[in-house]
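Take a look at the structure below.
Any value given below was found using the heavy atoms of this structure, including those in side chains, with hydrogens, waters and symmetry copies removed. When a residue number appears, it is its place in the shown sequence, counting from 1.
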Amino acid sequence: MLLSVDLASRRWRDNGIALLTPEGTGARVRLVSPEALGLRGTPSAAPFADALHQFAAREGVRLLLLDGPQLSLIHISEPTRLRRISYAV
């Protein structure tokens, strides 16, 4: 299972989050809203990393892809929060 996150820093709802599950020769895509992860208020790195960690653990995510203008919310130097999940940029 793969979690793809397109980062934005102004509003939580501007972040794109998609869960991709292998299905046959393709993948099933489920869009996940930041609100569904309990994210409200002003975006910041720690709550986002915690929410992604909890969601990834619950869903069995094995790979997390991050994309954004400068990766301003989650820095690649902070991957230990997600421990067993691989990172790709």
Leu3 vs Ile17, test: side chain to side chain contact (heavy atoms under 4.5 Å, CB included). Steps then yes/no. CA-CA 7 Å; Leu3 186 63; Ile17 306 168; 3.7 Å; yes

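Annotation: side chain of Leu19 is in contact with side chain of Met1 (closest heavy-atom distance under 4.5 Å).
Looking at every heavy atom in both residues, Trp12 comes nearest to Pro34 through O-CG, 3.0 Å. What you find for Asn15 and Phe48 is that their closest heavy atoms are OD1-CE2, 3.7 Å.
In terms of the side-chain contact (heavy atoms from CB on, under 4.5 Å) criterion, residue partners of Pro47 (sequence neighbours excluded) are, by chain and number, Leu39, Ser44. Listed by chain and number, the residues in a side chain to side chain donor-acceptor pair (under 3.5 Å) with Arg11 are Asp14 (sequence neighbours excluded).
Sorted by first then second residue, the salt bridge (Lys or Arg N to Asp or Glu O under 4.0 Å) pairs that include residues 31-49, not counting sequence neighbours, number zero.
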Show me the donor-acceptor pairs, under 3.5 Å and distance only, between side chains in residues 20-33 and residues at least two apart or in other chains.
from  : atom 1 : to    : atom 2 : distance (Å)
Glu23 : OE2    : Arg28 : NE     : 3.1
Ser33 : OG     : Ala36 : N      : 3.1

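Applying the 6.0 Å contact sphere to CZ of Arg10 captures no more than 12 heavy atoms from other residues, nucleotides or ligands.
With rounding to the nearest 0.5 angstrom, the CG atom of Leu7 is 7.5 Å from the CG atom of Asp67.
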